[in-house]
Amino acid sequence: MYSSSTDADRESFVWMVKNAVVPRPIAWVSTVDAAGRPNLAPFSYFAPLVMDPPTVVFSVTGRTDTLANIEETSQFAITIAVAGQEELVAATAAAVAADVDEAAQVGLAWEPGLRIAAPHPAGGGPSLECELVEIRAFRGSNLVFGEVLGVAVDDALLRTDGRLDQDVYHPVGRLGGATFTRVETWSRHPIPPADELLGASAQE
């Protein structure tokens, strides 16, 4: 049996936990500062929290431009990166000065926000336009909670009924270290009615 000590090798223990919980969706967070200068950075500690009103959270470690901008403006957009953007995601994680436009540095264009002042990078997946709900200091990090006010999405990713087309939309996920994965295949498994499930159990 394999076990990992929390004391003998703390770095390996933390690495194991982080890389066991995969794939993690990436929050490609775009913000603007008080002067309107845009910023883009990826965060893989990210999740939806509440269905309605739609609410998301991502974790920020340390003082970052993203966190400072959200504190100033109370708005941010989360764009889901798609297949082919893995290197761009990694490049925008580089630590650069606050006045550097990370999107421009890697060749990404900006699309203006529809409901918020913060733009989002063009060519990606859906962009969740968020209003800050709360920033909560938690165990050495900051949890940023946002309510999704609207979603900007390329029509090319939609079915005729307006929903995301899973055969076209291929989001990127984070694995261990500098590795990524793509959602290329999917399968459908509807939840069975309770009476059908109970009936099947009774026959076994």
Check your understanding: About how many Å separate CD of Gln166 and CG of Leu157, when rounded to the nearest 0.5 Å?
Key -> 10.5 Å
Check your understanding: What about Phe145 and Ile26, same hydrophobic cluster or not, with Ile/Leu/Val/Met/Phe/Trp/Tyr joined at side-chain heavy-atom distances under 4.5 Å?
Key -> no
Practice item. Taking Arg24 for its side chain and Lys18 for its backbone only, find out whether a donor-acceptor pair lies under 3.5 Å. Key: yes
Check your understanding: Do the non-hydrogen side-chain atoms of Leu158 and Asp165 ever get within less than 4.5 Å of each other?
Key -> no
Exercise for review: Give a yes or no answer on whether the side chain of Thr179 reaches the backbone of Gly177 with a donor-acceptor pair at less than 3.5 Å.
Suggested key: no
Review point. Looking only at atom types and distance, does a side-chain atom of Gln85 sit under 3.5 Å from a main-chain N or O of Gly123, one as donor and one as acceptor?
Key: yes
Exercise for review: Report yes or no: do Trp110 and Val89 belong to one cluster of Ile/Leu/Val/Met/Phe/Trp/Tyr joined by side chain heavy-atom distances under 4.5 Å?
Suggested key: yes
Review point. If you count the non-hydrogen atoms of other residues, nucleotides and ligands that lie under 6.0 Å from CD in Glu87, is the total more than 12?
Key: no
Point to revise | Note, Phe138 side chain near Ser59 side chain (heavy atom, < 4.5 Å) | key: no
Review point. Quick check: are there more than 12 heavy atoms from other residues, nucleotides or ligands sitting under 6.0 Å from CZ of Arg159?
Key: yes
Exercise for review: For Glu129 and Ala152, indicate whether the former's side chain and the latter's backbone hold a donor-acceptor pair under 3.5 Å.
Suggested key: no
Practice item. Check whether Leu164 and Val168 end up in the same hydrophobic cluster, where Ile, Leu, Val, Met, Phe, Trp and Tyr are linked by side-chain heavy atoms less than 4.5 Å apart. Key: yes
Point to revise | Residue of the set Asp65, Thr92, Leu88 for which side chain to side chain contact (heavy atoms under 4.5 Å, CB included) holds with Leu40 | key: Thr92
Point to revise | Geometric class of the Phe58/Phe76 ring pair [parallel <30°, tilted 30-60°, perpendicular >60°] | key: perpendicular
Review point. With a cut-off of 6.0 Å (strictly less than), are more than 12 heavy atoms of other residues, nucleotides or ligands near CZ of Arg163?
Key: no
Check your understanding: Are Val133 and Leu49 connected, step by step, through hydrophobic side chains (Ile, Leu, Val, Met, Phe, Trp, Tyr) whose heavy atoms are closer than 4.5 Å?
Key -> yes
**Study point:** Rounded distance [0.5 Å steps], CZ in Arg174 versus CZ in Phe43
**Key:** 12.0 Å
Review point. For the side chain of Ser74 and the backbone of Leu132, is there at least one donor-acceptor N/O pair under 3.5 Å apart?
Key: no
Check your understanding: Below 4.0 angstrom, N of the basic side chain to O of the carboxylate: do Arg182 and Glu86 qualify?
Key -> yes
Exercise for review: Spell out, yes or no, whether Ile70 and Leu149 are grouped together once hydrophobic residues are joined by side-chain heavy atoms under 4.5 Å, including indirect joins.
Suggested key: no
Review point. In Å, rounded to the nearest 0.5 Å, how long is the span from CG of Asp99 to CZ of Arg37?
Key: 5.5 Å
Exercise for review: Kindly indicate whether the side chain of Val100, heavy atoms from C-beta on, has any atom under 4.5 Å from the side chain of Gln105.
Suggested key: yes
Study note, to complete from the structure: Those residues at least two apart in sequence (or on a different chain) that pass side-chain hydrogen bond (donor to acceptor under 3.5 Å, both in side chains) with Thr66 are Asn39
Review point. Hey, what do you get for CG (Asn142) to CD (Glu134), rounding to the nearest 0.5 Å?
Key: 10.5 Å
Review point. Heavy-atom distance under 4.5 Å between the side chains of Ile78 and Ile80, does that happen here?
Key: yes
